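The figures here come from the full heavy-atom set of this structure, side chains too, leaving out hydrogens, waters and symmetry mates. Values in this document were obtained by computation on a predicted structure and should not be read as measured data.
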Amino acid sequence: QVQLVESGGGLVQTGGSLRLSCAASGRTFSTIMGWFRQASGKDREFVAAINWGDSLTYYEDSVKGRFTISRDNAKNAVYLQMNSLKPEDTAVYYCAADPRGPVSDYESYDYWGQGTQVTVSS
């Protein structure tokens, strides 16, 4: 059974940092893993993705320069380092794997974690 488990969320002040982790088990993902977020009352939106093979990365415009996605092949894990956090970054953050279509489209992904809450206070 495939499992993606996120951790690292929490409450932080504006300008602070958090590092999210996503551990994959059940199989080795060989294509792309991504991070999405969903704020209360809003649609799920793309944040970042990384190609497992060559580490090519993709970012949503509002997080470029603040967030960094990385992966650890040995641990079958992907990370999201979030710096200079803003209140508008508040959301539940989800890890996803193996998109069948565009990496920024949440409907492309079949595998999802349970989510971790990130709250940025002003």
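In this structure a side-chain-to-backbone donor-acceptor pair under 3.5 Å is present from Thr14 to Ser121. For Tyr109 (side chain) and Val103 (main-chain N/O), a donor-acceptor pair under 3.5 Å exists by modelled atom type. At distances below 3.5 Å, not a single donor-acceptor pair connects side-chain atoms of Ser108 with backbone N or O atoms of Pro99. A donor-acceptor pair under 3.5 Å links the side-chain atoms of Glu6 to the main chain of Gln114, judged by distance alone.
With respect to the salt-bridge test (charged N to carboxylate O, under 4.0 angstrom), the residues Lys86 and Asp89 do not qualify.
Within the 4.5 Å cutoff, the side chain of Leu18 has no heavy atoms near those of the Phe67 side chain.
Considering OG of Ser17 and CD of Gln81, their distance stands at 5.5 Å, rounded to 0.5 Å. Between atom OG of residue Ser7 and atom CZ of residue Arg19 there is a gap of 9.0 Å, rounded to the nearest 0.5 Å. Interatomic distance, Leu11 CG to Gln117 CD, rounded to the nearest 0.5 Å: 9.5 Å.
A pairwise comparison of heavy atoms in Asp61 and Lys64 identifies OD1-NZ, 3.1 Å as the closest pair. Taking each heavy atom of Ala39 and Ala91 in turn, the nearest pair found is N-CB, 3.7 Å. Here the closest non-hydrogen pair linking Asp54 and Leu56 is OD1-N, 2.9 Å. The minimum heavy-atom distance between Leu4 and Ala24, with the atom names listed, is CD2-CB, 3.6 Å. Smallest separation of non-hydrogen atoms from Tyr94 and Gly113: CD2-O, 3.7 Å. Contact detail for Val78 and Cys95: the closest heavy-atom pair is CG1-SG, 4.0 Å.
A continuous path of ILVMFWY side-chain contacts below 4.5 Å connects Leu80 to Tyr111, so both sit in one hydrophobic cluster. Both Tyr59 and Met33 belong to a single network of hydrophobic side chains, linked directly or stepwise wherever heavy atoms of I, L, V, M, F, W or Y lie under 4.5 Å apart. Following chains of ILVMFWY side-chain contacts shorter than 4.5 Å, one cannot reach Ile50 starting from Tyr79, and the two form parts of different hydrophobic clusters.
The ring pair (Phe, Tyr, Trp, His ring centres under 6.0 Å) with Phe46 is formed by just one residue from the set Trp35, Tyr93, Phe36; it is Phe36. Of the candidates Val47, Val63, Leu20, Thr57, Thr57 is the only one forming a side chain to side chain contact (heavy atoms under 4.5 Å, CB included) with Ile69.
Among residues at least two apart or in separate chains, side chain to side chain donor-acceptor pair (under 3.5 Å) pairs with a member in residues 38-48 are Arg37-Glu45, Gln38-Arg44.
Every side chain to side chain contact (heavy atoms under 4.5 Å, CB included) that Ser84 has, sequence neighbours left out, goes to Arg66.
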**Item:** Ser104 vs Glu60, side-chain contact (heavy atoms from CB on, under 4.5 Å): CA-CA, chis, key distance, verdict
**Value:** CA-CA 8 Å; Ser104 62; Glu60 193 271 330; over 6 Å; no
